[in-house]
**Q** 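Dumping the structure here so I can ask a few things about it.
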Amino acid sequence: MRILLIAGAFNSLTQRVHAELGERGHHVGVELVTRATPLLEAVRRHAPDLIVAPMLKTPVPREVWSAYTCLIVHPGPVGDRGPSSVDWAVHLGAARWGVTVLQANDEMDAGDIWAAADFPVPGVGKSDLYRNEIADGAVEALLTAVARVASGTHRPQPQAALPDAARPGRPRPPFRQELRRIDWRSDPTDTVVRTLRAADSQPGVRDELLGECWYLHGGHPEDTLTGRPGELLATRGGAICRATADGAVWIPELRAPRAPGEPRTPKLPATLALGDRLPRLPELPAPLGPGADGPRTWSDIRYREDGPAGFLEFSFPGGAMSTDHCRRLLAAYRHACARPTSVLVLGGRRDFFSNGIHLHVIEAADDPAEESWANINAMDDLVHAVLTTTDRLVVAALGGNAAAGGAMLALAADEVWCRSAVVLNPHYRLMGLYGSEYWTYTLLGRAGPEAAGQLMARALPMTAAAGARLGLVDRILDCTAQDFAARTARLALRLASAPATQARIATKKASRERDEAERPLAAYREEELARMHRTFFDPDAPYHALRRAFVRKEPAAGALAHLDTSPAGA
């Protein structure tokens, strides 16, 4: 079928729906929609058989839904209504949640039901839940709904006709800032964490800190540190630790309020955002040990071992890796490489693997060109360390999505293991960049020059299955986000114990030496960085406008031109 996706943004769910539908042979187009979009005109230009709205905050006009079958993906169980469904799920500590695919009509979220899915809710933040359990449920329900539409025989169920037991959800109001207030004097850690996690990516929790207003993003429990409720206790890896009524929480990121008439402000590591305002606090080193049996504490980087297998886990907000993130991860990687293991797993947690350089930190820098340059060199240093590890096998374990330099970090490993739901974006063009991270060595080596060139030029999201067909993915794990770490650990231990592993390590070392003699890695890096340097230090290069638009949530001219598959645009 010709399917048109209408969405408020080409976000993670919209990308996954685009990739999953394309994987099944559908012809998929995309239109980004605001209240000012002449939607009927856009729809007619695409001439779709079906319209799907994976993420839409504005109502579909009557002239559209009355003329075309339009499926709305609502991130709540049957009967749920309102724009803040996922916020409520996390805030209420729901044990189970759901996704409903319904037909657009005059009333938001009240249309006839084509399909639904439900799932358990783990103790994670809103954005993590959205990209994993909700996205899994959405794809499951949507594929069912699309098949039912294609059959031409299925009739959707009116919500009003369903018994109460079949409508576990209910209408809920928008989750505004007054509902997100934290009372640091009386709220226990669990309440504060839930409040922060219900707003972790957007919109953040508006709060007062050091006499100024900030939006707090993300929250993780800390059991050992205590202090006067509300006071700052320590820092770690850019995060701040703040006391609650019965313990403390780690807050990784802050965002300053938007000034009237000004664009949105960048979201930054908390210590960077506070800058000179931050009082002198102890910097507590991130524990690299497993910590499974100790107190709850947060660390964005952690190392553990199981016999001959080592696991270097990391998780950075939004998958963005600043210069500091890269340098700290490189130090941890070197620590892991000093351990007596034969297999090292890089990644392995749920949610994002990596999305490459940190555009928010770059945008906020006094000199964005210099920070861009420092960041890409730090990424290259990390990738180089992976590429030149010849005394063990390195596995990149992607429990979540990877893009740009983050995808290339994964390709530096000997094997790439992906959860089946992962979306890959192994390209740089949409940010106006040529790219580095040795992609001209790894991507071309795995996919070949022709396929690699097409990936870079088309700049489209792909499923893990598509990545496997191109040689970018070596193993696909069909499991839930919660099960990925355990599944990865079992496979890594089996690989480390396999009789052929030592022979593979010897072969790998010899292969790296042959490649280095043919063309040194330094030559790839020099060529890539020469082009990146020209872009970074050219104030008229599109990269600067595209970066600003991404960070400030501003429209970027032609940003989705590559997705226009309408008869007029194709």
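Along the sequence shown, the residues carry numbers beginning at 1.
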**Q** Do Glu437 and Tyr428 have side-chain atoms, one donor and one acceptor, less than 3.5 Å apart?
**A**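 Distance-only check passes for Glu437 and Tyr428.
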**Q** Indicate yes or no for a side-chain donor-acceptor contact from Thr34 to the backbone of Ala36 under 3.5 Å, with no hydrogens or angles considered.
**A**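 Pair found, side chain donor or acceptor close to backbone of Ala36.
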**Q** To the nearest 0.5 Å, what is the distance between CG on Leu4 and CD on Glu31?
**A**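 If I round to the nearest 0.5 Å, the distance is 6.0 Å.
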**Q** Counting distance only, does the side-chain N/O of Glu133 pair as donor-acceptor with the main-chain N or O of Gly98 below 3.5 Å?
**A**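 Flag not set: sc Glu133 to bb Gly98 has no pair under 3.5 Å.
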**Q** Heavy atoms, side chains only, cut-off 4.5 Å: are Val422 and Trp417 in contact?
**A**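 In short, these two side chains do not touch, never coming nearer than 4.5 Å.
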**Q** Using modelled atom types and a 3.5 Å cut-off, is there a donor and acceptor pairing between side-chain atoms of Arg148 and backbone atoms of Trp114?
**A**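 Yes; judged by distance alone, with no hydrogens or angles, the pair exists.
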**Q** Can we call the ring centroids of Phe175 and Trp88 under 6.0 Å apart?
**A**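 Yes, close enough.
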**Q** Please check if the side chain of Arg197 supplies one atom and the backbone of Gly218 the other of a donor-acceptor pair under 3.5 Å.
**A**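 Side chain of Arg197 to backbone of Gly218: no pair is present.
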**Q** Give a yes-or-no answer on whether the side chains of Ser151 and His154 include a donor-acceptor pair shorter than 3.5 Å.
**A**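 No, because no side-chain N or O of Ser151 sits under 3.5 Å from a partner of the opposite role on His154.
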**Q** Assess Arg419 against Phe484: is NZ or CZ under 6.0 Å from the centre of the six-membered ring, and within 45 degrees of the ring's axis?
**A**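 Pair Arg419/Phe484 does not count as cation-pi.
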**Q** Between Arg180 and Asp87, is there a salt bridge with N-O shorter than 4.0 Å?
**A**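 A salt bridge is present here (some side-chain N lies under 4.0 Å from a carboxylate O).
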**Q** After noting the C-alpha distance and the side-chain angles of Val73 and Leu102, does the key distance pass the side chain to side chain contact (heavy atoms under 4.5 Å, CB included) rule?
**A** CA-CA 7 Å; Val73 178; Leu102 45 87; over 6 Å; no
**Q** How far apart are the C-alpha atoms of Leu254 and Lys267, what are their side-chain angles, what is the distance that settles it, and do they pass the side chain to side chain contact (heavy atoms under 4.5 Å, CB included) test?
**A** CA-CA 6 Å; Leu254 301 177; Lys267 193 185 333 176; over 6 Å; no
**Q** Just do the side chain to side chain contact (heavy atoms under 4.5 Å, CB included) check on Val124 and Val90 with the steps written out, would you?
**A** CA-CA 8 Å; Val124 298; Val90 176; over 6 Å; no
**Q** Could you tell me whether the side chain of Asn355 and the main chain of Gly318 form a donor-acceptor pair under 3.5 Å?
**A**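 Indeed, once roles are kept as given, a pair shorter than 3.5 Å links the two residues.
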**Q** If you compare all heavy atoms of Leu56 against all heavy atoms of Gly8, which two are closest, and at what distance to 0.1 Å?
**A**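 Minimum heavy-atom contact is CD1-N, 4.0 Å.
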**Q** Just by distance, with hydrogens left out, do Arg350 and Gln482 show a side-chain donor and acceptor under 3.5 Å apart?
**A**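 Gln482 and Arg350 do have a side-chain donor-acceptor pair below 3.5 Å.
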**Q** Is a donor on one side and an acceptor on the other found under 3.5 Å between the side chain of Thr442 and the backbone of Ala412?
**A**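 Between the backbone of Ala412 and the side chain of Thr442 there is no qualifying donor-acceptor contact (under 3.5 Å).
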**Q** Carefully, step by step, assess Glu178 and Arg206 under the rule salt bridge (Lys or Arg N to Asp or Glu O under 4.0 Å).
**A** CA-CA 9 Å; Glu178 54 265 27; Arg206 190 179 177 97; over 6 Å; no
**Q** If we ignore angles and hydrogens, is there a donor and acceptor under 3.5 Å between the side chains of Asn132 and Asp128?
**A**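 Asn132 vs Asp128: donor-acceptor pair found between side chains.
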**Q** Would you check if there is a donor-acceptor pair between the side chains of Ser315 and Asp300 at a distance under 3.5 Å?
**A**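 Side-chain D/A pair, Asp300 to Ser315: absent.
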**Q** Is any NZ, NE, NH1 or NH2 atom of the basic residue among Asp351 and Arg131 found under 4.0 Å from an Asp or Glu carboxylate oxygen of the other?
**A**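 Salt bridge: yes.
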**Q** Can you list the steps and then say if Arg446 with Asp474 is a salt bridge (Lys or Arg N to Asp or Glu O under 4.0 Å)?
**A** CA-CA 10 Å; Arg446 277 181 169 263; Asp474 301 290; 2.9 Å; yes
**Q** Salt bridge between Arg44 and Glu63, side-chain N to carboxylate O under 4.0 Å?
**A**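 Here Arg44 does not pair with Glu63 in a salt bridge, since their nearest N and O are not under 4.0 Å apart.
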**Q** Between Asp136 and Arg16, is there a salt bridge with N-O shorter than 4.0 Å?
**A**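 Salt bridge: yes.
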**Q** Treating Lys126 as the side-chain partner and Gln202 as the backbone partner, does any N or O pair qualify as donor plus acceptor under 3.5 Å?
**A**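 Yes, because the side chain of Lys126 sits within donor-acceptor range (under 3.5 Å) of the backbone of Gln202.
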**Q** Let me confirm one number: the NE2-CE distance from His358 to Met379, rounded to the nearest 0.5 Å.
**A**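 If we round to the nearest 0.5 Å, His358:NE2 and Met379:CE are 12.0 Å apart.
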**Q** When you check the gap from the basic side-chain N to the acidic O, do Arg548 and Glu554 get nearer than 4.0 Å?
**A**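 Yes, charged N to carboxylate O under 4.0 Å.
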**Q** Is a side-chain donor-acceptor pair under 3.5 Å present for Tyr68 with Asp49?
**A**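 Absent: no donor and acceptor within the cut-off.
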**Q** Before we go on, tell me: are the rings of Trp250 and His220 under 6.0 Å apart, centre to centre?
**A**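 When the ring centroids of Trp250 and His220 are compared, they turn out to be at least 6.0 Å apart.
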**Q** Provide the closest heavy-atom pair for Pro122 versus Leu129 in the form atom of the first, atom of the second, distance.
**A**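 Scanning both residues, the minimum pair turns out to be CD-CD1, 4.1 Å.
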**Q** What are the two closest heavy atoms between Ala320 and Ile357, and how far apart are they?
**A**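 Looks like CB-O, 4.5 Å.
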**Q** Between the side chains of His27 and Arg2, does any donor sit under 3.5 Å from an acceptor?
**A**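 Arg2 and His27 do have a side-chain donor-acceptor pair below 3.5 Å.
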**Q** Could you state the interatomic distance from CE (Met321) to CG (Leu329), rounded to the nearest 0.5 Å?
**A**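 Interatomic distance, Met321 CE to Leu329 CG, rounded to 0.5 Å: 5.0 Å.
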**Q** Any heavy-atom pair between the side chains of Arg255 and Trp214 that's under 4.5 Å?
**A**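 In short, these two side chains do not touch, never coming nearer than 4.5 Å.
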**Q** Report yes or no: do Ser201 and His217 form a side-chain donor-acceptor pair below 3.5 Å?
**A**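 Distance-only check fails for Ser201 and His217.
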**Q** Report yes or no: do Gln103 and Trp65 form a side-chain donor-acceptor pair below 3.5 Å?
**A**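 Absent: no donor and acceptor within the cut-off.
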**Q** Ring centres of Trp439 and Tyr434 under 6.0 Å apart?
**A**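 When the ring centroids of Trp439 and Tyr434 are compared, they turn out to be within the sub-6.0 Å range.
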**Q** Can a donor-acceptor pair be found, under 3.5 Å and without considering hydrogens, that links the side chain of Gln159 to the backbone of Gly111?
**A**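 Yes: the side chain of Gln159 pairs with the backbone of Gly111.
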**Q** Assess the residue pair Arg429 and Arg458 against the criterion (side chain to side chain contact (heavy atoms under 4.5 Å, CB included)); give the C-alpha distance rounded to whole Å, side-chain angles, the decisive distance to 0.1 Å, and a yes or no.
**A** CA-CA 9 Å; Arg429 180 168 73 86; Arg458 295 179 67 207; 6.0 Å; no
**Q** Under 3.5 Å, is there a donor-acceptor pair between the side chain of Thr144 and the main chain of Glu140?
**A**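 Here the side-chain-to-backbone pair exists.
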**Q** Does the salt bridge (Lys or Arg N to Asp or Glu O under 4.0 Å) test come out yes or no for Arg302 and Glu313, once each step is laid out?
**A** CA-CA 5 Å; Arg302 195 179 295 276; Glu313 301 176 340; 5.5 Å; no
**Q** Would you please say whether a donor-acceptor pair under 3.5 Å links the side chains of Gln15 and Asn425?
**A**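 Side-chain D/A pair, Gln15 to Asn425: present.
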**Q** Between Arg24 and Glu20, does any NZ, NE, NH1 or NH2 come within less than 4.0 Å of an OD or OE carboxylate oxygen?
**A**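 So Glu20 pairs with Arg24 through a salt bridge.
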**Q** Determine, step by step, whether Arg96 and Asp118 satisfy the salt bridge (Lys or Arg N to Asp or Glu O under 4.0 Å) criterion, reporting the C-alpha distance in whole Å, the side-chain angles of both residues, the deciding distance to 0.1 Å, and the verdict.
**A** CA-CA 7 Å; Arg96 295 192 71 83; Asp118 73 314; 3.0 Å; yes
**Q** Under a 3.5 Å distance rule, please check whether Gln177 uses its side chain to pair with a backbone N or O of Gly204 as donor and acceptor.
**A**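 Checking the backbone N and O of Gly204 against the side chain of Gln177, a donor-acceptor pair under 3.5 Å is found.
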**Q** Between Asp187 and Arg181 (salt bridge meaning N to carboxylate O under 4.0 Å), is one present in this structure?
**A**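 No salt bridge links Asp187 with Arg181.
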**Q** Do Pro59 and Met108 have side chains that get closer than 4.5 Å, going by heavy atoms?
**A**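 Counting from C-beta outward, Pro59 and Met108 do come under 4.5 Å.
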